[in-house]
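Reviewing the structure listed below.
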Amino acid sequence: MSAATDQRPAGRISRFPHLKQDFAASLVVFLVALPLCVGVAVASGVPAELGLVTGIVGGLVTGLLRGSSLQVSGPAAGLTVLVFEAVQEFGLPALGVIVLATGVLQLAMGALKLGRYFRAISVSVVEGMLAGIGLVLIAGQLYAMAGAKAPSSGLGKIAGLPGAVVDAVGSTSASASLAIGVGTIAVLVLWKRLPAKVRTVPGPLAAVGLATLAALLLNLPVATVEVQGLLGSVQPPSLSSFGELAHVGLLGTILAFTLIASAESLFSAAAVDRLHDGPRTEYDKELMAQGAGNAICGALGALPMTAVIVRSAANVQAGARTKASRVLHGVWLLLFAALLPNVLAYIPIPALAGILVHAGGKLVPVRGLVGLWREHRGEALILVVTAVSIVAVSMFEGVLIGLALAVAKTAWEASHIRLEVVDKGAGPVQAYLSGNATFLRLPKILDDLEALPQDRPVELDLSGLHHLDHACRTALETWAERHSAVGTEPVKVTEPVTSV
């Protein structure tokens, strides 16, 4: 009997060898995720509880699935701007349709094993996308910090900031709101400099807690989160709302959601893999896990989810060893939403705005851009153009502009061409073309060939070309005919070994 008794605990330990570490990590991730879930929801223009719903699904559904074992999913600041625009344009009922369709597309891409191809997207485009999102997010949330309504366009948000600050200084309630927001940012910035024992409480939770306490004790006239209750906030999309899929604008929004959510999740997975020595991410399975989570979020009418690097890094740094930590964090979010939803009503909105301003600042790689400009100016230019395009035009168009610029840069760099001329003073002039002859380099090719002596025969050797496109072949044939027409011997052409 005693031997059997001794074996039972050993059996449990062998089955869950890292339960202690995962349990502790799950509490840390929960405390980090809670204010961010609420803040992202409020900034997106939807009930606060919907952010918790997405966090719960990210833990209990996506957390259980295979893909990236330590990555944590939930509502992300990177999609805030896009969600807000979608809700304003199509209405809250359409959000569930958009998120559900996004999940279905992600599931399909994962099943077709397209997840790995997201690693082929230019890093500069992704960083530019996040920087543009960060700039718009910062500008929009600064208005929320001041208790003012933000303009709709990205440029309008930035242009109107000086006036909003002046108005805030002249208003008691706006000044109090701005003070709460600025104080929240100050706590977040200074928190990492405090002693380690103090920093056991996550910075975002401490910042929101202190802001809430200050607003209550000082009786400040600031707006707080509106609470509707978990069940009251969950509104699955009706059958009639699926008719919106016939609108081209909605389809474009779905594609933008899919592209950005997938890219952010998979790039986050690559970053998390560098933080630990555990199993590596299976990209196609991770994409399907994100798709399953988004499909369920859409069916519940909640926010879209992505993998979130802030929560994922907190999970790894807290000592998580398996996916149990992220599943448990979903359990804690569910218990909070079910048992303590009224606590949300005490949280000042400017405090949540301050958290998102701080999060937006982390999306803008100022230091990285300086180093990138010194070493790879083309990549730095792509990053800046993508970010500026998102601010000036829109999210989807900005990303497309960045992708187009990255493809054009790659095509230009790949089309290297070299002309070597051997002129012995007598006999034919020998010209050797090597590299990739594409229409992008056609002006240079023709300029070099037309500079050859007109009264001498020419032997043009193309055997060194790796690629010869149709435009270049036609142009070379035309040049050869013109050169031969002046009375010299016909141009002798040695064809490339393999012409395309």
Side-chain angles (χ1 to χ4, degrees), residues 36 40 58 62 65-82 102-103 105-106 109-110 113-135 137 255-276 278-291 293-294 304-317 326 359-369 371-372 376 379-380 382-387 390 395-396 398-403 405-407 410:
L36 290 174
V40 169
T62 304
L65 299 176
R66 297 177 63 184
S68 176
S69 59
L70 299 182
Q71 183 162 256
V72 183
S73 300
L79 286 176
T80 301
V81 177
L82 195 58
T102 297
L105 282 178
Q106 288 180 313
M109 290 192 300
K113 301 190 180 302
L114 300 179
R116 70 193 71 178
Y117 293 106
F118 275 88
R119 291 181 290 176
I121 297 177
S122 168
V123 175
S124 297
V125 174
V126 175
E127 291 184 347
M129 174 190 74
L130 295 176
I133 291 170
L135 291 173
L137 183 63
L255 289 176
F257 270 63
T258 304
L259 173 65
I260 294 169
S262 302
E264 188 170 346
S265 294
L266 297 181
F267 271 85
S268 173
V272 173
D273 279 350
R274 291 195 289 269
L275 298 177
H276 66 89
R280 304 292 91 181
T281 296
E282 299 177 74
Y283 285 89
D284 296 319
K285 291 179 180 177
E286 177 63 20
L287 188 56
M288 293 190 74
Q290 295 294 326
N294 272 318
M305 75 163 59
T306 72
V308 187
I309 188 62
V310 174
R311 279 164 245 181
S312 303
N315 189 38
V316 175
Q317 291 164 3
R326 60 187 191 180
K362 290 184 176 180
L363 296 177
V364 184
V366 178
R367 293 182 181 178
L369 181 60
L372 192 63
H376 305 284
E379 295 296 324
I382 292 173
L383 192 157
V384 172
V385 170
T386 303
I390 288 173
M395 180 81 65
F396 190 48
V399 172
L400 291 180
I401 290 172
L403 288 173
L405 192 59
V407 171
T410 302

> Counting only N and O atoms by type, is there a donor-acceptor contact under 3.5 Å from the side chain of R367 to the main-chain atoms of P365?
Replying inline: no
> So how far is it from H376 NE2 to L383 CG, rounded to the nearest 0.5 Å?
Replying inline: 13.0 Å
>> Could you report the tightest heavy-atom contact between V364 and A131, atom names first, then the distance?
In response: CG2-O, 3.8 Å
> Do you know the tightest heavy-atom contact between S124 and L372?
Replying inline: OG-CD2, 4.2 Å
>> For the CG atom of L135 and the CG atom of L130, what is their distance to the nearest 0.5 Å?
In response: 11.0 Å
> Quick one: does S312's side chain have a donor or acceptor within less than 3.5 Å of a partner on V72's backbone?
Replying inline: yes
> Where is the tightest heavy-atom contact between Q106 and N294, given as atom of each residue plus distance?
Replying inline: OE1-ND2, 2.8 Å
>> Looking at every non-hydrogen atom in both residues, tell me the closest pair between V308 and A76 and how far apart they are.
In response: CG2-CB, 4.1 Å
> Roughly how far, to the nearest 0.5 Å, is NZ of K285 from CD of Q290?
Replying inline: 15.5 Å
> Hey, are S68 and E286 close enough side-chain-wise for a donor-acceptor pair under 3.5 Å?
Replying inline: no
>> On a heavy-atom basis, which atom in I390 and which in G132 lie closest, and how many Å separate them?
In response: CG2-C, 3.9 Å
>> If the condition is salt bridge (Lys or Arg N to Asp or Glu O under 4.0 Å), which residues does R66 pass it with, not counting sequence neighbours?
In response: E282
> Does D273 use its side chain to pair, donor to acceptor, with the backbone of T281 at less than 3.5 Å?
Replying inline: yes
> Rounded to the nearest 0.5 Å, what separation is found between the OG1 atom of T386 and the CD1 atom of I133?
Replying inline: 11.0 Å
> Between S262 and T258, what is the shortest heavy-atom contact and its length?
Replying inline: OG-O, 2.7 Å
> Between CG of L400 and CG of L405, what distance do you get to the nearest 0.5 Å?
Replying inline: 12.5 Å
Under 3.5 Å, which donor-acceptor pairs do the side chains of residues 264-271 form with other protein atoms, sequence neighbours left out?
unit_1, atom_1, unit_2, atom_2, d
S265, OG, A261, O, 2.9
S265, OG, A307, N, 3.0
S268, OG, Q71, OE1, 3.0

